[in-house]
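Only this structure's heavy atoms are used, side chains among them; waters, hydrogens and symmetry mates stay out. In what follows, every chain begins at residue 1, and chains take the letters A, B, ... in the order their sequences are listed.
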Amino acid sequence: MPELPEVEVTRRTIADALRGAAVRVARLGKPLRWPLGCAPQTLAGRVIGEVSRRGKYLWLPLGPRSGHAPEDAGGLLIHLGMSGSLSLNPTSASGACASGPSASGPSAAGPHDHFEMDTSSGTLRLRDPRRFGAVVWSASPDSPPASTLLQRLGPEPFDPALTPQTFHAALHRRRGAIKTVILGGTAMVGAGNIYACEALFRAGIDPRTRSDRISRPRAERLLAALRETLAQAISLGGSTLRDFRDAHGMDGAYQAHAGVYGREGEPCPGCGQKVRRIVQAQRATYFCPRCQKR
DNA sequence: CGGGACGCCTGTGAGC
DNA sequence: TGCTCACAGGCGTCCC
């Protein structure tokens, strides 16, 4: 599911509320992709810092427990996998859940909620039916296990250090299809299947084009298209194809603006030609055979 | 090392 | 209506 825009939308909808909040209790559901790496009760009493994002990962810093040294601090590296979403429900006024016929409201834990953390600002909950997501304790983003996962990531899309020159050079090092290279995240992180398809459409580039054959001007256009696509998706709250909601439960709206993704056989919004669907590296690719050139 | 296939899980929709 | 099958937004690992 969640590609960079959905993760960023999630970050933005939880960061303000969680900043400075204290963890009361953490609970685990079924196993996620990787084990938490610590006992959930060791999260209690910690104060949450500034939630940040790297690629499609969130980093939720947690201060030391009271009475412990500063080195006791750490944080949670969170990945939403294919079907994950985070929700943050305000703490109920009464505090305790009254049992009764109408006790289970919309904020009750469901069968797909596999990580929960009660905080002074509400309950943070990871809902992930497919359980490809993960919540992993790490002493810092720069130490294992977080660093192991983060170190292989390419540059952030909105990093000014990512220039047309460096992007073109990164593309020039790969010989696979440009769509596959974008998905791989070595040249730039953040675009998954939807936004890779959409950015290539926007840039007028055939997804089957070999990465090392992309000219400098086309690399520049592709970089701009990726940035525009991701920025537009963030401003629209991401894409909700099935599972994704922001932390307040709101659907994304980008999917209605998609030009080709999921539109096999429909007319291209640019030229009217039928959108094609092919498979590249086990993933569906949608493109316009007329507007997108090799 | 680059590139491709596989697997992790569950839910959903299409087709029979 | 009910069953089976293919497929789904990610990504680490294994193999050539």
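In this structure, A:Leu183 atom CG and C:dG12 atom P are separated by 13 Å, rounded to whole Å. Taking atom NE2 of A:His114 as the reference point, atom C1' of B:dT10 lies 9 Å away to the nearest angstrom. Atom-to-atom, OH of A:Tyr286 to C1' of C:dG9 comes out at 11 Å; the value is rounded to the nearest Å. Distance A:Asp251 CG to C:dG9 C1': 15 Å, rounded to the nearest Å.
Taken from CZ in A:Arg24 to CG in A:Leu43, the straight-line distance is 14.5 Å, to the nearest 0.5 Å.
Side-chain nitrogen and oxygen atoms of A:His79 include none within less than 4.0 Å of the OP1 or OP2 phosphate oxygen of C:dG12. One finds a side-chain N or O of A:Arg174 lying less than 4.0 angstrom from the OP1 or OP2 phosphate oxygen of B:dG3. For A:Arg283 and C:dC7, the shortest distance from a side-chain N or O to OP1 or OP2 is not below 4.0 Å. Within the structure, a side-chain polar atom (N or O) of A:Arg131 is placed less than 4.0 Å from OP1 or OP2 of B:dT10. Put simply, A:Arg130 has no side-chain N or O that comes within less than 4.0 Å of OP1 or OP2 on B:dG11. Under 4.0 angstrom from either OP1 or OP2 of C:dG12 there lies at least one side-chain N or O belonging to A:Tyr57. Taking only side-chain nitrogens and oxygens, A:Tyr254 never comes nearer than 4.0 Å to OP1 or OP2 of C:dG9. For C:dC11, one of the phosphate oxygens OP1 or OP2 lies less than 4.0 angstrom from a side-chain nitrogen or oxygen of A:Lys56.
Looking at heavy-atom distances under 4.0 Å, A:Arg277 makes contact with sugar-phosphate atoms alone, never a base. Contacts of A:Arg175 with the nucleic acid, taken as non-hydrogen atoms under 4.0 Å apart, involve only primed sugar atoms and P, OP1 or OP2.
Of the residues near DNA chain B, A:Ala177 and A:Arg242, the one whose nearest nucleotide (by heavy atom distance) lies more toward the 5' end is A:Ala177.
Aromatic stacking is not marked for A:Phe244 over C:dG9, as the cut-offs of 5.5 Å for the centres and 30° for the planes do not both hold. The ring of A:Phe132 lies on top of the base of B:dC8, close enough and flat enough: under 5.5 Å between centres, under 30° between planes.
Using a 4.5 Å heavy-atom cutoff, the side chains of A:Leu4 and A:Val7 are not in contact.
Each of A:Glu156, A:Glu6, A:Glu3 was scored for a salt bridge (charged side-chain N to carboxylate O under 4.0 Å, His left out) with A:Arg53, with one residue passing: A:Glu156.
The gap from the P atom of C:dA6 to that of B:dC6 amounts to 14 Å, rounded to the nearest Å.
Residues A:Arg202 and A:Thr229 bring a donor and an acceptor atom of their side chains to less than 3.5 Å of each other.
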* **Residue pair A:Asp142, A:Ser147: steps toward the side-chain hydrogen bond (donor to acceptor under 3.5 Å, both in side chains) verdict** => CA-CA 5 Å; A:Asp142 303 317; A:Ser147 60; over 6 Å; no

